[in-house]
There are 2 protein chains.
Amino acid sequence: MGLTRSEIFTDEQNQLSTLLKAIAHPARIAILQRIIISNSCICGDLVDELGLAQATISQHLKELKTSGIIQGTIEGVSVCYCINPKTWSLLGEILGEFLSSYKGATDCC
Amino acid sequence: MGLTRSEIFTDEQNQLSTLLKAIAHPARIAILQRIIISNSCICGDLVDELGLAQATISQHLKELKTSGIIQGTIEGVSVCYCINPKTWSLLGEILGEFLSSYKGATDCC
DNA sequence: CTTGTATATTGCAATATTACGATATATAGT
DNA sequence: ACTATATATCGTAATATTGCAATATACAAG
């Protein structure tokens, strides 16, 4: 088929995979790093800094916003995007739990 | 176009996005959880437990293996897959650094 | 060496993602 | 109202991902 069969997985598994998928792109990682460093970001800056077209960056920003990882407010002629603290900490919790559920292991392989 | 322009990003950004992409699928999250719980896993079990075809699960296992997140050894007629501790802790480090680089923020939005 | 069982690979169809040019929209300044 | 600037959306092409049936491969048991 080609579409992910999310109905056979738990809500938690789907939620984590959705959040991770939103971050799992180098451009979006770069955008997030840039937002975090400057603690406010304008799309135009990114177009100059990353080597991607304006339309492409706008699209990546939209994806990050749709998934709730960033939020943005209109600031006159430009837009101010920043991290959504709630989603960010939620991701940290879920991911931390997931990663730490594996403990060193009695070697089998 | 349609292909990610990884050449314009740093190695670190590409590495993190590659690892995240490997995990960013509910089936692969479910597989990892299962491997962690049982600390050894056989593909056949997964076919029974998740509702996916054997070919599909084998493919997901291959992706997890290619990205270095799991490793597998042949055990007679079946295969034992388990977490690759090195990659797992690497992911934890990179991700922890990334997530913690954002600190609460002087609110702008 | 044949049979049964377990996993991998191949081939293919459906859908999703990535990227960008062109265009639309919105606001500030004149 | 008109212009310049900034961001969003649309349309489209290229590529990637997801899922599965069919088939191949590998091994153990007989």
Side-chain angles (χ1 to χ4, degrees), chain A residues 1-9 13-14 17-31 34-35 40-67 70-82 109, chain B residues 1-9 13-14 17-31 34-35 40-67 70-82 109:
Chain A
M1 317 264 153
L3 81 173
T4 301
R5 295 186 47 192
S6 25
E7 75 279 3
I8 66 172
F9 302 106
Q13 287 163 344
N14 285 316
S17 74
T18 299
L19 286 174
L20 289 179
K21 203 158 65 173
I23 301 183
H25 190 286
R28 294 196 286 274
I29 292 177
I31 288 173
R34 181 65 172 69
I35 292 181
S40 86
C41 119
I42 285 131
C43 179
D45 296 4
L46 293 169
V47 177
D48 298 336
E49 292 175 33
L50 315 185
L52 291 171
Q54 182 267 324
T56 307
I57 289 179
S58 183
Q59 198 174 253
H60 281 306
L61 285 168
K62 190 183 176 185
E63 264 181 87
L64 287 170
K65 195 175 180 181
T66 302
S67 65
I70 65 173
Q71 57 195 162
T73 47
I74 297 166
E75 245 192 22
V77 88
S78 63
V79 172
C80 171
Y81 280 116
C82 64
C109 309
Chain B
M1 318 265 146
L3 80 172
T4 301
R5 296 186 48 192
S6 24
E7 75 278 4
I8 66 172
F9 302 105
Q13 287 164 344
N14 285 316
S17 74
T18 299
L19 285 175
L20 288 179
K21 203 158 66 173
I23 301 183
H25 190 287
R28 293 196 287 274
I29 291 176
I31 288 172
R34 182 65 171 68
I35 292 181
S40 85
C41 122
I42 286 131
C43 180
D45 295 4
L46 292 169
V47 177
D48 297 337
E49 290 175 34
L50 316 185
L52 293 171
Q54 181 266 324
T56 306
I57 289 180
S58 183
Q59 200 174 252
H60 281 304
L61 285 168
K62 190 184 176 184
E63 265 180 86
L64 287 170
K65 195 174 180 182
T66 301
S67 64
I70 64 173
Q71 58 194 162
T73 46
I74 297 166
E75 245 193 22
V77 89
S78 62
V79 172
C80 172
Y81 279 115
C82 63
C109 309

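Naming convention: chains lettered A, B, ... in sequence-line order (proteins, then strands); numbering from 1 in each chain. Just the heavy atoms: all of them, side chains too, but no hydrogens, waters or symmetry mates, feed the values below.
The CD1 atom of B:I57 sits 12 Å away from the C1' atom of D:dC20 (whole-angstrom rounding). Following rounding to the nearest Å, B:L50 (CG) and D:dC20 (C1') show an atom-to-atom distance of 15 Å. The distance between atom CD1 of B:I8 and atom C1' of C:dT18, rounded to the nearest whole Å, is 12 Å. What separates CZ of A:F9 from C1' of D:dT18 is a distance of 11 Å, to the nearest Å. Rounded to whole Å, the distance from CG on A:L3 to P on C:dC12 is 21 Å. For the pair B:E7 CD and C:dT18 P, the interatomic distance rounds to 15 Å; values are reported in whole Å. The interatomic distance linking A:I70 (CD1) with D:dT7 (C1') rounds to 13 Å, in whole Å. Summarising the geometry, the separation between CD on A:E63 and P on C:dT17 is reported as 7 Å, rounded to the nearest angstrom.
Position along DNA chain D of the nearest nucleotide to A:R5 versus A:S58 favours A:S58 as the more 5'-ward residue. Mapped onto DNA chain D by nearest heavy atom, A:L61 and B:Q59 fall at different nucleotides, with A:L61 at the one closer to the 5' end. Projected onto DNA chain C by closest heavy-atom contact, A:Q54 and A:A27 fall at different nucleotides, the more 5' of which corresponds to A:A27.
The side chain of A:V79 lies closest to D:dT7, out of D:dT7, C:dA8, D:dC20. In this structure, of C:dG21, D:dA22, D:dT7, it is C:dG21 that holds the atom nearest to the side chain of A:A55. Checking D:dT18, C:dT18, C:dC20 against every side-chain atom of A:T56, the shortest atom distance belongs to C:dC20. Candidate nucleotides D:dT18, D:dT9, D:dA6 were compared by shortest atom distance to the side chain of A:K62, and D:dT9 ranks first.
Phosphate contact (OP1/OP2 of C:dT17, side-chain N/O of A:K21, threshold under 4.0 Å): present. Proximity of A:H60 to the phosphate of D:dA8: no side-chain N or O atom is located under 4.0 Å from OP1 or OP2. Taking side-chain N and O atoms only, B:H25 has a distance below 4.0 Å to OP1 or OP2 of D:dG19. A close approach under 4.0 Å does occur between a side-chain nitrogen or oxygen of A:Y81 and OP1 or OP2 of D:dA8.
Using a 4.0 Å heavy-atom criterion, one finds that B:L52 contacts the sugar-phosphate atoms exclusively. Using a 4.0 Å heavy-atom cutoff across all strands shown, A:A53 reaches sugar-phosphate atoms only and no base atom.
A heavy-atom distance below 4.5 Å is not found between the side chains of A:L46 and A:H60. Side-chain atoms of B:L50 and B:I31, non-hydrogen and from C-beta on, do get closer than 4.5 Å to each other. Using a 4.5 Å cut-off on side-chain heavy atoms (C-beta onward), B:K65 and B:L61 make no contact.
For the atom pair A:I42 CD1 and A:D48 CG, the distance stands at 11.5 Å (nearest 0.5 Å).
Between the side chain of B:R5 and the backbone N or O of A:L52 there is no donor-acceptor pair closer than 3.5 Å.
When all heavy atoms are compared, the tightest approach of B:V47 to B:Q54 is CG2-CA, 3.6 Å.
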